[in-house]
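Heads up, the thing below is written out as structure tokens.
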Amino acid sequence: MKKKIIGAAVALGLFGGVAIQAYAQQANPAAQVNQRKAAMTLVGKYFGGIGAMVQGRVPYDAQVVQRNADFLVALSQMPWDGFDPATATATNTRAKPEIYKDTAKFKADGDSFQTEVTKLASAARSGDQNAVKGAFGAVGKTCQVCHDAFRTAQ
Ligand code: HEC
């Protein structure tokens, strides 16, 4: 019994620590930029993996396509809370200040990206390669629309 209580206290302590750390990172603009860029990098990785297959550069593997699409459903929700107005003056970013002015368009662009990613995941589950190819193209357009408006050219 005593052990159980101690165990619970230790677990609470650990999770509490994680929560405090996450909160601290949220307050640090440079860290927020790194986190949203990390999410985008992984979006690029798993989206690119599907691209290589629908474009025939590597053999089509339906299981990998489906796994990547499912990862993208989660990843496509992650970058946005990192676009905090406090990061507008960060130096480690290519995000344009327009993000914090035209917040409605930025949000709409993010929403259409998530919508198309969800369709890509459905297409992947259907096993229809042509549907996957079409959905891949539709997602790609949403990346481009947002980058054109809200990311500086390198
Ligand atoms: C709603 C807007 C939006 C959408 C949609 C979007 N991106 Fe981005 N992306 C950005 C912004 C803004 C940045 C710049 C982030 C920064 O430098 O702080 C970025 C950065 C990136 C980066 C560079 C990350 C780094 O380390 O600098 C990659 C790679 C990327 N995006 C890939 C993609 C891909 C692939 C898609 C679509 C499958 C996509 N993005 C969709 C807004 C978007």
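Here the structure is a predicted model, which means the values were calculated and not measured. Order of listing sets the numbers, starting from 1, for every ligand and every atom in it.
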**OP:** Would you sort out whether Lys45 and Asn68 count as a side-chain contact (heavy atoms from CB on, under 4.5 Å), showing the intermediate values?
**Re:** CA-CA 9 Å; Lys45 173 182 174 182; Asn68 285 16; over 6 Å; no
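- Remark: minimum distance from atom 38 (C) of ligand 1 to any protein heavy atom is reached at Cys143 SG, 2.6 Å.
- Ring-centre distance between Tyr100 and Phe83: not below the 6.0 Å cut-off.
- Where the criterion is an N or O separation shorter than 3.5 Å, residue side chain and backbone included, Trp80 fails it with respect to ligand 1.
- Near Gly110, meaning under 4.0 Å from one of its heavy atoms, ligand 1 places the atoms 1 (C).
- A donor-acceptor contact shorter than 3.5 Å links the side chain of Asp128 to the backbone of Ala131.
- With ligand atoms numbered from 1 in the order given, ligand 1 contributes 1 (C), 2 (C), 3 (C), 4 (C), 5 (C), 42 (C), 43 (C) to contacts under 4.0 Å with heavy atoms of Cys146.
- Nearest-residue assignment for atom 18 (O) of ligand 1 (options Thr87, Val145, Thr93; heavy-atom criterion): Thr93.
- Remark: minimum distance from atom 11 (C) of ligand 1 to any protein heavy atom is reached at Phe83 CZ, 4.1 Å.
- Counting the atoms of ligand 1 from 1 in the order shown, those under 4.0 Å from a heavy atom of Ile99 are 12 (C).
- Between Arg125 and Asp70, at least one side-chain nitrogen of the basic residue sits less than 4.0 Å from a carboxylate oxygen of the acidic one, meeting the salt-bridge criterion.
- Side chain of Gln144 to backbone of Gly140: no donor-acceptor contact under 3.5 angstrom is found.
- Close approach of ligand 1 to Val139 (heavy-atom distance below 4.0 Å) involves ligand atoms 38 (C).
- The heavy-atom pair separating Ala124 from Gln66 by the smallest distance is CB-CA, 3.8 Å.
- For the pair Arg36 (side chain) and Gly82 (backbone), a donor-acceptor distance under 3.5 Å is present.
- Numbered from 1 in the order shown, with element, the atoms of ligand 1 that lie under 4.0 Å from a heavy atom of Thr41 read 24 (C), 26 (O).
- Across all non-hydrogen atoms, the minimal contact from Met53 to Val65 is SD-CG2, 3.6 Å.
- Evaluated by nearest non-hydrogen atom to atom 17 (O) of ligand 1, the leading choice among Arg94, His147, Gln114 is Arg94.
- If you number the atoms of ligand 1 from 1 as listed, the ones under 4.0 Å from a heavy atom of Lys37 come out as 16 (C), 17 (O), 18 (O), 24 (C), 25 (C), 26 (O), 27 (O).
- Shown in contact with Thr142 at under 4.0 Å from a heavy atom are these atoms of ligand 1, numbered in order with element: 5 (C).
- Taking all atoms of both residues into account, the shortest heavy-atom contact from Thr142 to Glu116 is CG2-CG, 3.8 Å.
- One distance of note links NZ of Lys105 with CD1 of Ile99; it measures 11.0 Å at 0.5 Å rounding.
- With hydrogens left out, the protein atom closest to atom 13 (C) of ligand 1 is Arg151 CD, 3.6 Å, a heavy atom.
- Of all atoms in ligand 1, listed by their number and element, those nearer than 4.0 Å to a heavy atom of Phe150 are 12 (C).
- Considering only non-hydrogen protein atoms, atom 43 (C) of ligand 1 sits nearest to Met40 CE, 3.3 Å.
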